[in-house]
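The structure appears below as structure tokens.
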Amino acid sequence: MSHLTKLMLPLLSFALALPVQAQQVLRVSAIPDESPTELLRKFQPLGAYLEKEVGMKVNWTPVNDYPAVVEGLAAGKIDLAWLGGFTFVQVRLRTGTAIPIAQRVEDEKFTSKFIVPLDSTAKTLQDLKGKTFTFGSPSSTSGSLMPRYFLLKEGIDPEKDFSRVAYSGAHDATVAFVASGRAEAGVLNASVWDKLVEKGDPNAKAVKVLATTPPYYDYNWTVRGDLDPAIVKKLTEAFLKLDPGNPAHKEILDLQRATRFIPTKPENYKSIEEAARSSGLLK
């Protein structure tokens, strides 16, 4: 081996390693159930924390709608995503391998809130018959699927019993729809409702809660099934060790509206799948 070849070998090894290094980026996304600016605000401290814990650069990958998150995970363009229960079911059925790694304690018993304008005379869900109604996104667990399921159990068929059904696209948008009179009633998830009330949102001040659904499993953090198991392990551990007693961790947990994160499993979302099938949203 010539002296020049010996000199070149380390350089060649370095060059071959470069593409591998360039791929060490964790692409993270979330269902767009709130405004893009709010989603990014909530994610930034968590993203910085995950970078340190996993030892990879973390990139936020915004999407325009719920199906885009399903497609992104299925196509390997997204590595980790914040999903609703129904979106998780869709990803799991599509890929067969997506892994839910953590959920908030709050997601074991999640609820949705039916809202009406402050001056509404409605006292029960039955009083909403004949009125205009807005869900969130068609793919939203807490803004569409589960509220629809519970309405049907109450003997209310949205398409037949409401004078018009609309989809606002996001939970905060649903409150704006009802507050502005674009709909006479609507439904959104309890977590976003509580946040809007806490910050004194003007739209939230113009509406009131009519009813609350029974509890159900909802959100989780899911990874694509073919992600490196070592990365999956680090991510899972990172979520589970977030400690509300640690001020830096508490900031992350507060933004996620989480007391803490706990393990989860695909079986937790069987009732979501059953509700989707009974509502005709899954064939």
Side-chain angles (χ1 to χ4, degrees), residues 30-39 41-42 64-67 82 84-87 106-107 109-216 218-219 257 272 275-276 279-281:
I31 52 172
D33 60 349
E34 294 184 85
S35 68
T37 51
E38 179 62 11
L39 289 175
R41 183 183 77 87
K42 284 167 54 175
N64 291 326
D65 55 27
Y66 284 52
W82 177 242
F86 183 36
T87 332
E106 289 78 2
D107 293 311
K109 293 181 178 178
F110 207 77
T111 60
S112 299
K113 303 284 186 181
F114 290 93
I115 57 170
V116 291
L118 280 179
D119 61 359
S120 173
T121 58
K123 296 287 191 293
T124 69
L125 291 175
Q126 296 295 333
D127 296 332
L128 298 182
K129 288 183 176 180
K131 298 188 183 300
T132 56
F133 189 92
T134 184
F135 292 104
S137 163
S139 297
S140 171
T141 308
S142 52
S144 180
L145 171 62
M146 295 311 288
R148 179 181 286 276
Y149 175 68
F150 292 124
L151 283 170
L152 289 168
K153 289 185 80 169
E154 289 285 321
I156 301 170
D157 184 327
E159 275 67 37
K160 292 178 182 175
D161 294 320
F162 297 141
S163 61
R164 188 181 75 249
V165 171
Y167 291 90
S168 71
H171 300 293
D172 45 6
T174 293
V175 181
F177 267 46
V178 178
S180 66
R182 289 180 67 185
E184 294 172 282
V187 67
L188 74 153
N189 85 39
S191 182
V192 174
W193 169 254
D194 290 344
K195 179 168 70 176
L196 293 173
V197 170
E198 285 166 19
K199 73 177 189 180
D201 179 79
N203 288 325
K205 288 180 178 179
V207 303
K208 62 185 178 183
V209 173
L210 176 69
T212 301
T213 66
Y216 52 88
D218 200 357
Y219 294 87
R257 301 197 68 79
I272 300 283
S279 299
L281 296 173

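- With rounding to the nearest 0.5 angstrom, the CZ atom of Phe86 is 13.0 Å from the OH atom of Tyr216.
- The NE2 atom of His171 lies 4.5 Å from the CG atom of Asp33; values are rounded to the nearest 0.5 Å.
- Minimum interatomic distance between Asn203 and Ala176 (heavy atoms only, all atoms of both residues): ND2-CB, 3.6 Å.
- The existence of a salt bridge linking Arg164 and Glu184 is excluded, since no basic side-chain nitrogen approaches an acidic carboxylate oxygen closer than 4.0 Å.
- Side-chain N or O atoms of Ser144 include none that pairs as donor or acceptor with a backbone N or O of Ser139 at under 3.5 Å.
- The distance from atom OG1 of Thr174 to atom CD1 of Ile115, rounded to the nearest 0.5 Å, is 6.5 Å.
- The NZ atom of Lys129 sits 6.0 Å away from atom CD1 of Ile156, with the distance rounded to the nearest 0.5 Å.
- Look at Glu38 and Arg41 and you find a salt bridge, because one of the NZ, NE, NH1 or NH2 atoms lies within 4.0 Å of a carboxylate O, short of that distance.
- The two residues Val192 and Glu34 have their closest heavy-atom pair at CG2-CD, 3.9 Å.
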For a side-chain contact (heavy atoms from CB on, under 4.5 Å) check, start with the C-alpha distance between Thr121 and Asp127, then their side-chain angles and the critical distance, and finish with the verdict. CA-CA 8 Å; Thr121 58; Asp127 296 332; over 6 Å; no
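- For the pair Ile31 and Leu39, the tightest heavy-atom approach, listed with the atom from each and the gap, is O-CD1, 3.9 Å.
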Step by step, would you call Val116 with Val207 a side-chain contact (heavy atoms from CB on, under 4.5 Å)? CA-CA 6 Å; Val116 291; Val207 303; over 6 Å; no
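- Of all heavy-atom pairs spanning Tyr66 and Thr87, the tightest one is CD2-OG1, 4.0 Å.
- Lys208 places a side-chain N or O within 3.5 Å of a backbone atom of Leu118 that can act as its donor or acceptor partner.
- The structure places CH2 of Trp193 at 12.5 Å from CG of Asp172, a figure rounded to the nearest 0.5 Å.
- Of all heavy-atom pairs between Thr134 and Ala183, the closest is CG2-CB, 3.9 Å.
- Put simply, the side chain of Ser279 never gets that close to the backbone of Leu281: no donor and acceptor are under 3.5 Å apart.
- Proximity of Thr111 to Ser142: side-chain heavy atoms (C-beta onward) are nowhere separated by under 4.5 Å.
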Can Asp194 and Arg257 be said to form a side-chain contact (heavy atoms from CB on, under 4.5 Å), step by step? CA-CA 10 Å; Asp194 290 344; Arg257 301 197 68 79; 3.7 Å; yes
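- Two residues are said to be in side-chain contact when any heavy atoms from C-beta on lie closer than 4.5 Å; Phe135 and Val187 meet this criterion.
- Ser140 contributes atom OG, which lies 7.0 Å from atom CG of Asp218 (distance to the nearest 0.5 angstrom).
- With contacts defined as side-chain heavy-atom distances shorter than 4.5 Å, the pair Pro215/Phe110 does not qualify.
- Across all their heavy atoms, Leu128 and Ala122 have their closest contact at CD2-CB, 4.1 Å.
- Leu210 has its side chain out of reach of Ser120: every pair of non-hydrogen atoms, C-beta onward, lies at least 4.5 Å apart.
- Side-chain contact, Tyr149 with Thr213: no donor N or O sits under 3.5 Å from an acceptor N or O.
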